[in-house]
Protein chains: 2
Amino acid sequence: MKRPTLEAVAARAGVSKSTVSRVVNGDTTVTPNFRELVLRAVNELGYVPNSVARSLVTQRTNSIALVVSDPPAGLFSDDPMFSAVVRSASRALEAASKQVVLMLAGSDESRVRVQEYVAAGHVDGVMLVSFYGADPLPAALMRMGLPMASFGKPVSAPSVPYVDNDNLGGARQAVEHLLSRGRRRIATISGPLDMIASQDRLTGYRETLRDTGRRSIIAVGDFTRVSGDQAMCQLLEDDPGLDAVFAANDLMAIGALHALRRAGRRVPDDVAVVGFDDIEAALYTDPPLTTVRSPMADQALAVVSLLLGLFEDGRADPVILPTELVIRESS
Amino acid sequence: MKRPTLEAVAARAGVSKSTVSRVVNGDTTVTPNFRELVLRAVNELGYVPNSVARSLVTQRTNSIALVVSDPPAGLFSDDPMFSAVVRSASRALEAASKQVVLMLAGSDESRVRVQEYVAAGHVDGVMLVSFYGADPLPAALMRMGLPMASFGKPVSAPSVPYVDNDNLGGARQAVEHLLSRGRRRIATISGPLDMIASQDRLTGYRETLRDTGRRSIIAVGDFTRVSGDQAMCQLLEDDPGLDAVFAANDLMAIGALHALRRAGRRVPDDVAVVGFDDIEAALYTDPPLTTVRSPMADQALAVVSLLLGLFEDGRADPVILPTELVIRESS
DNA sequence: CTGAAAGCGCTTACAG
DNA sequence: CTGAAAGCGCTTACAG
């Protein structure tokens, strides 16, 4: 029942442990004869190296933590983007033959758990996504001195190398598109104002309108569907004459569509709607949603590259990925 | 830069390594004086036990693998239920102070990687979700002899203890509800027929109709939105007179709504629609979707319980969780 | 209650 | 090219 050890293999093959270790690790300096003997014993015994023992001596674990830090309400972990991050990051890391250890930090206790886990040497590096403005975790993790890269710039640790999409440019594209469609009174539903991504998208919206001498009409949501619904109601109350809305993510755009439907406004005839992210659901709204896309898979690849770069040079520079406007029927 | 070791703490505190180890592990047989000394040294040095070394001697890792096995197309990892599983499982495991190691197995190579990882002793047990009928992974993992529990009954390893919702009963509820609304020609969109959950939902549909002398109208999808859309088109072609459809999950129901809209059928006036899962998006469809709910959080809790039971007694029996019909405006 | 010693299963200089 | 030995950082009987 017990797993065979290196020693058992050595005994069976009639060689030393050193030799077995060399063969198992692909060392080329082993005589074919010996290698043959060892491989046979490995097969017969079904030997698999104990990676804990190996890690103890090599000081590497081959694992990377993917830390998702969320406010207690769990905003992000309910977002389809969450699956996208997890999936893309896993695939990219797998390609680099690293293992992903997912850690959800949704409370103060779990944040402590994450710190201890990282401090205990379980992982070689960390990939971070923090959806929580005041989150102290990025800074705390930073202090441990491990290689670390982030999806988006973390508020509490702006010096962490990060990958982000061009939030400002993306918002610009969205608003310029609405302007080009002849919309006059363009509102926005912003994300939480303590997040840098929200700030940037809001800035892009504001600046674009200001450039054309138009005024901003703003409501603030928290990136959930329900907050988009509420924000839209608020906007309709503030300015019943609005003819377009840019939601800072697709989930809020979906909520906004819902509110508009209840209010009896037709989309896009009365009000045009544009989102951000291009989640799958954007294809299935009624009408299908115009949105700003920045593929998560690209971001994951970039974050993994940053991390690998950190392992080698110790240096890594932020990466900003371009966005693309996807025009559908809601605008 | 190097992390302090047990030995360094012992030296600083002027005691033996044994004593430090005892204090760190909460052994109560240590004299308050000594304990005091050790704790001070631990703080001064910022000592955190190296968990790799600890695992090597204790033979436990305190980690559980959450293995998500998907067909190459990645059906499940695009499903909102995926986040729900991951999130719920993480929380439940955290409550049991175990660490989650997420492994996505979406190809043959990655399946091998998962096996090796488990064989290498990285985890104490595995939680499995297999969305792939012919998946050989569950059986392979079973053979390693580790404690293992599954979300849903795996086709290739039916003896693995599992937790599932009452798929048959849930489908029954859905169809009986449609019948009680006076619907006469009730179609269904099934999931992949090689998955047990699909089979059970289909059986529930079939039996309920058969009991009332009605005939089945069936199209097969693969649990994605787009397949629901296509299946709905097919059904409308097969039987233009249908007045209701039961989709085996919400994603396909969303696709069906899309197809019905294009075909100019009103929901629920012309065709009533019922889904399965009760994902968040079901609240935001137009009209909001009637569906069958079985909370993922409960399932996760149950799977974790099975696993913990396995660690203790070595025995665990399958658990079937009840479903609940959530009636909204689509039916 | 405390400490010296052995050992968990590997890797890696160091001799030969 | 191969092997004996030391060591990675802990825990745990075993004496005292």
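On a predicted model such as this, the values are computed, not experimentally measured, just so you know. Labels below follow one simple rule: chain letters A, B, ... track the order of the sequence lines, proteins then strands, and each chain is numbered from 1.
Using a distance-only test at 3.5 Å, with no hydrogens or angles considered, no donor-acceptor pair links the side chain of B:Thr19 to the main chain of B:Val15. Checking side-chain atoms of B:Gln99 against main-chain N and O of A:Leu102 turns up a donor-acceptor pair under 3.5 Å.
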Please produce a list of atom pairs where a protein N or O lies less than 3.5 Å from an N or O of nucleotides 13-16 of chain D.
from   : atom 1 : to      : atom 2 : distance (Å)
D:dA13 : N6     : B:Arg22 : NH2    : 3.3

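Residues B:Pro138 and B:Met148 share a closest heavy-atom pair of O-CE, 3.3 Å. The two atoms that bring B:Val23 and B:Arg35 nearest to each other are CG2-CA, 4.0 Å, heavy atoms only. Pairing each heavy atom of A:Ser294 with each of A:Leu321, the nearest pair is OG-CB, 4.3 Å.
A search for side chain to side chain donor-acceptor pair (under 3.5 Å) contacts involving B:Ser88 returns nothing, not counting sequence neighbours. Scanning for ring-ring contact (aromatic ring centres under 6.0 Å, His included) contacts around A:Tyr117 gives A:His122, with sequence neighbours left out.
For the pair A:Val155/A:Met195, no side-chain contact is recorded, criterion being any heavy-atom separation below 4.5 Å from C-beta on. Side-chain contact between A:Val86 and A:Leu66: present, with at least one pair of heavy atoms (C-beta onward) separated by less than 4.5 Å.
For the segment residues 48-59 of chain A, residues with any heavy atom less than 4.0 angstrom from an atom of DNA chain D are, sorted by number, A:Leu56, A:Val57, A:Gln59. Residues from residues 24-44 of chain A lying near DNA chain C, meaning a heavy-atom separation below 4.0 Å, are A:Asn25 in numerical order.
Between the side chains of A:Asn33 and A:Thr31, no donor-acceptor pair is found at a separation under 3.5 Å. Side chains of B:Ser55 and B:Thr61: no donor on one and acceptor on the other come within 3.5 Å.
Distance from the side chain of B:Ser21 is smallest to D:dT11 among C:dC10, D:dT11, C:dT11.
Between B:Asn50 atom CG and A:Leu56 atom CG the span is 6.5 Å, to the nearest 0.5 Å.
Phosphate proximity of D:dT2 to A:Thr19: absent, as no side-chain N or O sits under 4.0 Å from OP1 or OP2. Not one side-chain nitrogen or oxygen of A:Ser16 sits closer than 4.0 Å to the OP1 or OP2 atom of D:dA4.
Rounded to whole Å, the distance from CD on A:Glu7 to P on D:dA4 is 11 Å. Rounded to whole Å, atom P of D:dA4 lies 14 Å from atom CG of A:Leu6. The nearest whole Å value for the distance from the CG atom in A:Asn62 to the C1' atom in C:dC10 is 15 Å. Nucleotide C:dG3 holds its C1' atom 11 Å from the NZ atom of B:Lys17, rounded to whole Å.
DNA chain C contains the following stems of three or more consecutive Watson-Crick or G-U pairs, with both distances under 3.5 Å: C:1-3 with D:14-16, C:5-12 with D:5-12, C:14-16 with D:1-3.
With A:Phe131 as the fixed residue, the ring pair (Phe, Tyr, Trp, His ring centres under 6.0 Å) test singles out one of A:Phe76, A:Phe151, A:Phe82: A:Phe76.
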